[in-house]
Student: 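Before I ask anything, let me first share the structure, which is written out below as structure tokens.
We count residues from 1, following the sequence as given. On a predicted model such as this, the values are computed, not experimentally measured, just so you know. Below, all heavy atoms of this structure are taken into account, side chains as well, without hydrogens, waters or symmetry copies.
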Amino acid sequence: MYYSDQQLATKRQEGDAAADAVVQEMFANTAHTAQYMRQLHSIKTNQDLTKAGLSPFLQEYFSQHQQLPPWADTQAMNRASVFFDKHTQPVLLLLGLLSLPYCYAAALGAKVLCYTERIRSQTYQRLGETAQFVVDVTAPQGFGEQGSAWASILKVRLMHATVRHHLLRHKTWDSSHWGVPVNQEDMAGTNLAFSWLVLRGLRHSGWQVSSQEALDYLHLWNVIGYGLGISEDLLPNNAKAAFWLSKRIGQRHFRPSEEGQSLTKALLQSLAQSGQDNPVFARLPQGFWVSYMRDLLGAEIADMLDIPAATLSHQALIWALKQGIQTQNFLFGSQPSRRTSANIRQQLAQWEAGFVPPLHLG
């Protein structure tokens, strides 16, 4: 599928009308904004979306958008959940070493992240929140009554709209040259970074991923993207289309930027912090994960982000990992597939104590 500059330039000026209308209502009367924030913060599961006490306009928003698209294949979604459950640890590792820095290479998207500031100032906590989101939306029965997928998706959708609301009113934001903050093109690129790019990273790192598993995982993330308000024509339904859309977005926006390098530096520092108490990073030679990040991204993008070159010893170890030489045992111990999403969910509970409501800037 071909994605033209004109098509993507148009998408760059589009936000999410449904979520934007809700956020406009939330901030129309600032005396009630804090109340709305508390209501959203109290939502943890899909069941909470229909509980009494929510303001009518929030109830309407959740009611209208807590729906699977007509093309959703629940069997494929279930298979994708099983796939994630078997690969929870490597997928979450790739989110930090590949998906996030890949997004930072998009110079204009990195501007938005720097404006929100929390990405840099509270990176470690944001990593935990991102991991929690991924676990919620990929969990078995996550979209069911007992799950949390819809709760997480629709709250993040409002977070995106809140960023747009504030930045469009910021005196230094230049929409004519930069586009609408958190626009359709950037959201599509992020969705690909969490789906197609992860699949590519798994294969690059020595894991076997079948064509059917890849299609199922892409499909699940297309459903997630639909829930997040991404235009359906920016949700590629096969690996070839995903490759070309990602490549086109990269050609349009990937370049060195102060914002991208600053975000990457904060991410590297956060990963170093997590290495102090993370059993995965504890198994890695000192500084290896930086070299691994560079290898996953490729030299061109790594140079854009000012990621240091790998040492010879790290290069040799990376080569061994690519050959499948005890890849899983080296990174994740003797039973890499058994630390499932349920186990990870328990570990992520620690983030709740310091959780900041998603509608928060600065």
Side-chain angles (χ1 to χ4, degrees), residues 1-21 23 65 69 95 98-116 119 130 133 153 156-168 170 172-200 218-219 221-260 263-264 297 300-301 304-305:
M1 182 175 181
Y2 179 72
Y3 298 91
S4 69
D5 272 339
Q6 182 179 1
Q7 177 189 10
L8 294 178
T10 299
K11 295 296 184 182
R12 190 150 202 87
Q13 296 298 333
E14 296 178 6
D16 176 1
D20 291 341
V23 169
H65 298 288
L95 291 176
L98 177 59
S99 300
L100 292 180
Y102 187 85
C103 292
Y104 299 163
L108 295 180
K111 283 185 180 295
V112 176
L113 297 175
C114 280
Y115 267 95
T116 59
I119 299 292
T130 300
F133 173 80
I153 289 169
V156 166
R157 188 170 178 177
L158 291 182
M159 177 189 70
H160 290 166
T162 300
V163 172
R164 279 191 296 273
H165 176 87
H166 286 292
L167 288 189
L168 286 173
H170 199 287
T172 63
W173 185 262
D174 187 355
S175 294
S176 61
H177 291 95
W178 301 342
V180 171
V182 199
N183 57 70
Q184 287 290 323
E185 183 182 27
D186 285 347
M187 287 194 291
T190 301
N191 204 57
L192 287 169
F194 278 58
S195 56
W196 172 79
L197 193 66
V198 165
L199 294 169
R200 194 186 77 173
L218 283 173
H219 183 77
W221 276 96
N222 280 345
V223 173
I224 295 165
Y226 175 90
L228 289 170
I230 301 175
S231 299
E232 292 185 53
D233 58 346
L234 293 179
L235 298 173
N237 59 9
N238 59 65
K240 183 177 181 180
F243 167 80
W244 283 112
L245 178 55
S246 180
K247 183 177 180 64
R248 199 73 195 91
I249 292 173
Q251 290 172 336
R252 284 170 50 81
H253 299 293
F254 282 15
R255 59 180 180 269
S257 71
E258 181 181 348
E259 292 86 357
L263 290 165
T264 303
L297 290 165
E300 183 178 5
I301 294 177
M304 293 179 189
L305 299 173

Student: With a sphere of 6.0 Å drawn around CD of Gln251, does it hold more than 12 non-hydrogen atoms of other residues, nucleotides or ligands?
Tutor: yes
Student: What I'd like to find out is whether the side chain of Pro236 reaches to under 4.5 Å of the side chain of Leu218, using heavy atoms alone.
Tutor: no
Student: I want to check something: taking the side chain as every heavy atom from C-beta on, are Ile153 and His65 in contact at a cut-off of under 4.5 Å?
Tutor: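 No, too far: nothing below the 4.5 Å cut-off.
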Student: Drop me the distance from Trp196's CH2 to Lys240's NZ, to the nearest 0.5 angstrom.
Tutor: 14.0 Å
Student: Do Leu245 and Leu8 come close enough that some side-chain heavy atom pair is under 4.5 Å?
Tutor: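 Yes; the side chains approach each other to less than 4.5 Å.
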Student: Can you pull the salt bridge (charged side-chain N to carboxylate O under 4.0 Å, His left out) pairs that have at least one residue in residues 176-189, sequence neighbours excluded?
Tutor: Arg12-Glu185, Arg12-Asp186, Glu185-Arg252
Student: Only one of Ser257, Pro101, Cys114, Cys103 clears side chain to side chain contact (heavy atoms under 4.5 Å, CB included) with Leu263; which?
Tutor: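 It is Cys114; the other options fail the test.
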Student: Show every salt bridge (charged side-chain N to carboxylate O under 4.0 Å, His left out) that has at least one partner inside residues 188-199, sequence neighbours left out.
Tutor: none
Student: Counting C-beta onward and ignoring hydrogens, is there a side-chain heavy-atom pair between Met187 and Asn191 closer than 4.5 Å?
Tutor: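 Met187 vs Asn191: side chains apart.
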Student: What residue among Ile301, Thr264, Leu297 forms side chain to side chain contact (heavy atoms under 4.5 Å, CB included) with Tyr104?
Tutor: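 The passing option is Thr264.
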Student: Decide side-chain contact (heavy atoms from CB on, under 4.5 Å) for Ile249 and Trp244; before the verdict, give the C-alpha distance in whole Å, the side-chain angles of both, and the deciding distance to 0.1 Å.
Tutor: CA-CA 9 Å; Ile249 292 173; Trp244 283 112; over 6 Å; no
Student: Please confirm whether the backbone N or O of Asn183 pairs with a side-chain atom of Gln13, one donor and one acceptor, at under 3.5 Å?
Tutor: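 Answer holds: no.
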Student: Using 30° and 60° as the class limits, which term best fits the ring planes of Trp221 and Phe133: parallel, tilted or perpendicular?
Tutor: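 Rings of Trp221 and Phe133: tilted, as their planes differ by 30° to 60°.
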Student: A side-chain contact here means heavy atoms from C-beta on lying under 4.5 Å apart; do Tyr115 and Val163 qualify?
Tutor: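 In short, these two side chains do not touch, never coming nearer than 4.5 Å.
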Student: State which residues pass salt bridge (Lys or Arg N to Asp or Glu O under 4.0 Å) with Arg164; sequence neighbours excluded, sorted by chain then number.
Tutor: Asp20
Student: First locate atom CZ of Arg255, then atom CG of Leu108, and finally report the distance between them rounded to the nearest 0.5 Å.
Tutor: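 Taking CZ in Arg255 and CG in Leu108, the distance rounds to 5.0 Å.
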Student: Rounded to the nearest 0.5 Å, how far apart are NZ of Lys111 and CG of Leu167?
Tutor: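 The NZ atom of Lys111 sits 11.5 Å away from the CG atom of Leu167.
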Student: What's the separation between atom CG in Leu98 and atom CZ in Phe194, rounded to the nearest 0.5 Å?
Tutor: 10.5 Å
Student: Locate the shortest heavy-atom distance separating Leu168 from Ser175; write the atom from each residue and the value.
Tutor: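 For Leu168 versus Ser175, the nearest heavy atoms are CD2-OG, 3.3 Å.
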Student: Which residue in the set His160, Arg157, Gln184 passes side chain to side chain donor-acceptor pair (under 3.5 Å) when paired with Asp16?
Tutor: Arg157
Student: For Glu258, which residues count as a salt bridge (Lys or Arg N to Asp or Glu O under 4.0 Å) partner, sequence neighbours excluded?
Tutor: none
Student: How would you list, by chain and number, every residue that makes a salt bridge (Lys or Arg N to Asp or Glu O under 4.0 Å) with Arg248, sequence neighbours excluded?
Tutor: Asp5
Student: Side chains of Asn222 and Pro69, heavy atoms from C-beta outward: is any pair under 4.5 Å?
Tutor: no
Student: If I take atom CD from residue Gln7 and atom OG from residue Ser231, how far apart are they, to the nearest 0.5 angstrom?
Tutor: 9.5 Å
Student: List the atom of Thr162, the atom of Val23, and the distance in Å for their closest heavy-atom pair.
Tutor: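 Of all heavy-atom pairs spanning Thr162 and Val23, the closest is OG1-CG2, 3.7 Å.
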Student: In terms of the angle between their ring planes, are Trp178 and Trp173 parallel, tilted or perpendicular, with boundaries placed at 30° and 60°?
Tutor: perpendicular
Student: Under 3.5 Å, is there a donor-acceptor pair between the side chain of Ser246 and the main chain of Ala242?
Tutor: no
Student: Listed by chain and number, what are the side-chain hydrogen bond (donor to acceptor under 3.5 Å, both in side chains) partners of His219, not counting sequence neighbours?
Tutor: none
Student: So how far is it from Thr190 OG1 to Leu197 CG, rounded to the nearest 0.5 Å?
Tutor: 11.0 Å
